[in-house]
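Bear in mind that the values here come from a model prediction, so they are computed numbers and not experimental data.
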Amino acid sequence: MKSLRLKLQKTVKIKPTKPFAFDPTFHKPDHFTSGDNYWEPGVRWQTWNWRGKPLGIRFSNKGSVHNPLVEIKIYAQGKISDSFIKPLVEEIKYLYNFNLQLGDFYRSFSKDKFLRPVFKKWRGMRPGHPSCLYEYLIIGIVLQNAPVRRSVQMFKALLERYGKLLEFDGKKLWCFWSPGKLRKVREKELRALKVGYRAKSIKKIDDYFARGLINEKELRAKDRETQRQELLKLYGVGPATAWYLLFDVFHHWDFFNHISPWEQKIYSKLFFNRSPGKLVPVKKLLKYFERYGKYKQLAVHYIWEDLFWKRKNKRIPWLEKEIRL
């Protein structure tokens, strides 16, 4: 496929709240490789569909943990106005939690046996991702009931069929399509991409957003239970997907009510050193995480990310068996 060449249109610099750790915020080794981004220490290249316009974004670390500064270079096919850029920058700040205050979290668990060593390594790490609700839902659907390798294959097939290949700053990366792109696509065509039963869910989600039946910004302003109920109304969204969304998209650090079978295996090993044949019951795990109170989801995020950074640098045999990538 011929790529769409983009040129640098705007450079913006942002100071997140401190402490701020660039690399573990912008690169999550547990997220599967999708072809829409590329990371190296201190830099992340990311495609971004903003208001229907495909963009290339380069994030660069220009500061330090205690004096943070992030440079954002925005690439587009034509000139873009300040009225287009300002809300985009605000969205980036929201999705990557640039204004998150971590002081109370660190003070509360400075002596915790699991978090204390992680804090030393990843102080300033934020939960973060570049996906709007629509995109996250599509990703969540391909993650359902499939090994990571299979999910990667499905998402890559979708992105390369319906997305756009962008070329900017020496990189070629795929950009997500806009909601409504799949309205004229038959379910049979989606199934040909080997997404299986998920084809129906993908079609219904795309149609739901194309018709404007859900407004992400308005939903962000609602209380957590309202958000959860609205998400569960969506076709193909179950407790697991809703749980991921409430954390990653709606930033609820205290909500933890679901553990999938493969996560149960990993948590059992991490927190109780149990083998796959002797798993800790889900109820016991959820009760154990209650010790982290209003930060329980954030606390487990820190410990989980630390594990996958370790895997990035050194093979962990027991973990490889669970990931099957």
Side-chain angles (χ1 to χ4, degrees), residues 24-39 44-59 70 72 74 87-98 100 125-144 146 148 151-152 154-166 173-182 195 198 201-202 204-206 208-210 214-220 227-228 230-231 234 236-238 240-253 255 297 301 304-305 308:
T25 296
F26 278 99
H27 180 62
K28 305 293 185 184
D30 59 311
H31 291 186
F32 62 72
T33 303
S34 58
D36 69 343
N37 70 85
Y38 184 82
W39 169 85
R44 178 186 175 98
W45 291 265
Q46 176 71 55
T47 59
W48 205 289
N49 185 329
W50 181 244
R51 297 181 174 178
K53 190 175 183 67
L55 305 173
I57 299 182
R58 173 181 166 139
F59 299 100
V70 177
I72 302 174
I74 304 169
L88 168 63
V89 171
E90 289 303 311
E91 185 70 358
I92 289 169
K93 288 163 66 176
Y94 173 83
L95 291 177
Y96 284 101
N97 291 284
F98 275 23
L100 181 62
M125 175 174 68
R126 317 291 171 92
H129 69 92
S131 303
C132 66
L133 178 57
Y134 171 81
E135 294 167 355
Y136 203 107
L137 282 164
I138 299 296
I139 293 169
I141 289 168
V142 300
L143 280 170
Q144 291 174 357
V148 179
S151 294
V152 170
M154 287 188 283
F155 185 67
K156 189 171 182 290
L158 288 166
L159 199 58
E160 294 182 6
R161 178 66 180 84
Y162 303 112
K164 290 183 179 179
L165 183 61
L166 307 183
L173 298 169
W174 290 92
C175 185
F176 222 104
W177 60 91
S178 298
K181 173 81 172 184
L182 309 180
V195 300
R198 300 166 191 83
S201 299
I202 291 169
K204 284 186 174 291
I205 290 294
D206 183 72
Y208 202 74
F209 277 80
I214 188 167
N215 185 305
E216 180 177 353
K217 291 294 176 65
E218 290 180 1
L219 196 55
R220 286 180 189 176
Q227 290 170 345
R228 190 177 76 87
E230 288 301 310
L231 292 172
L234 299 174
V237 173
T241 303
W243 171 56
Y244 289 131
L245 289 163
L246 286 170
F247 177 69
D248 272 332
V249 177
F250 296 101
H251 301 172
H252 293 291
W253 314 135
F255 187 70
Q297 180 68 292
H301 174 78
W304 182 275
E305 291 301 324
F308 279 84

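Contact record, Asp30 with Trp304: OD2-NE1, 3.2 Å, taken as the closest heavy-atom pair. Pairing each heavy atom of Met154 with each of Val195, the nearest pair is SD-CA, 3.6 Å. The minimum heavy-atom distance between Tyr162 and Lys181, with the atom names listed, is O-CE, 3.4 Å. Heavy atoms only, all atoms of each residue included: His27 and Arg44 are closest at CA-NH1, 4.2 Å. Considering every non-hydrogen atom in both Leu159 and Gly35, the closest pair reads CD2-C, 4.5 Å. Nearest heavy atoms, Leu231 versus Phe250: CD1-CE1, 4.0 Å.
Here the side chains of Phe255 and Phe247 are not in contact, with every heavy-atom distance at 4.5 Å or above. Side chains of Asp206 and Tyr134 form a contact here, defined as non-hydrogen atoms less than 4.5 Å apart. Annotation: side chain of Arg51 is not in contact with side chain of Leu88 (no heavy-atom distance under 4.5 Å). Looking only at side-chain heavy atoms (C-beta outward), Leu133 and Phe209 come within less than 4.5 Å of each other.
Distance check: Trp48 CH2 to Cys132 SG gives 9.0 Å after rounding to the nearest 0.5 Å. In this structure, the separation between CG on Leu95 and OG on Ser131 is 8.0 Å, given to the nearest 0.5 Å. Considering CD1 of Ile92 and CD1 of Ile72, their distance stands at 4.5 Å, rounded to 0.5 Å. To the nearest 0.5 Å, atom CG of residue Asn97 and atom CZ of residue Arg126 are 7.5 Å apart. Separating the CG atom in Leu100 from the CE atom in Met125 is a distance of 11.0 Å, to the nearest 0.5 Å. For the atom pair CG (Leu246) and NE2 (His252), the distance works out to 5.5 Å, reported to the nearest 0.5 Å.
A distance below 6.0 Å separates the ring centres of Phe26 and Tyr96.
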Go through it in stages, so that I can follow the logic: the residues are Tyr136 and Phe176, the test is ring pair (Phe, Tyr, Trp, His ring centres under 6.0 Å), and I'd like the CA-CA distance, side-chain angles, deciding distance and then a yes or no. CA-CA 11 Å; Tyr136 203 107; Phe176 222 104; over 10 Å; no
Would you check, one step at a time, whether the test side-chain contact (heavy atoms from CB on, under 4.5 Å) holds for Leu234 with Ile214? CA-CA 10 Å; Leu234 299 174; Ile214 188 167; 4.3 Å; yes
Passes side-chain contact (heavy atoms from CB on, under 4.5 Å), Leu245 versus Leu137? Steps please. CA-CA 8 Å; Leu245 289 163; Leu137 282 164; 3.6 Å; yes
Could you go through Trp39 and Phe59, starting from their C-alpha distance and side-chain angles, then the distance that decides it, and tell me whether this counts as side-chain contact (heavy atoms from CB on, under 4.5 Å)? CA-CA 9 Å; Trp39 169 85; Phe59 299 100; over 6 Å; no
Can Thr47 and Trp174 be said to form a side-chain contact (heavy atoms from CB on, under 4.5 Å), step by step? CA-CA 7 Å; Thr47 59; Trp174 290 92; 5.8 Å; no
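Looking at Arg228, its side chain never comes within 3.5 Å of a backbone N or O of Ala242 through a donor-acceptor pair. In terms of modelled atom types and a separation under 3.5 Å, the side chain of Asn215 and the main chain of Glu218 share a donor-acceptor contact. Between the side chain of Glu305 and the main chain of Lys28, no donor-acceptor pair closer than 3.5 Å is present. A donor-acceptor pair under 3.5 Å is absent between the side-chain atoms of Lys53 and the main chain of Asn49, judged by distance alone.
Note on ring orientation: taking the six-membered ring where Trp is involved, the planes of Tyr94 and His251 are parallel (angle under 30°, cut-offs 30° and 60°).
The local environment of NZ in Lys164 is sparse, with at most 12 non-hydrogen atoms from other residues, nucleotides or ligands closer than 6.0 Å.
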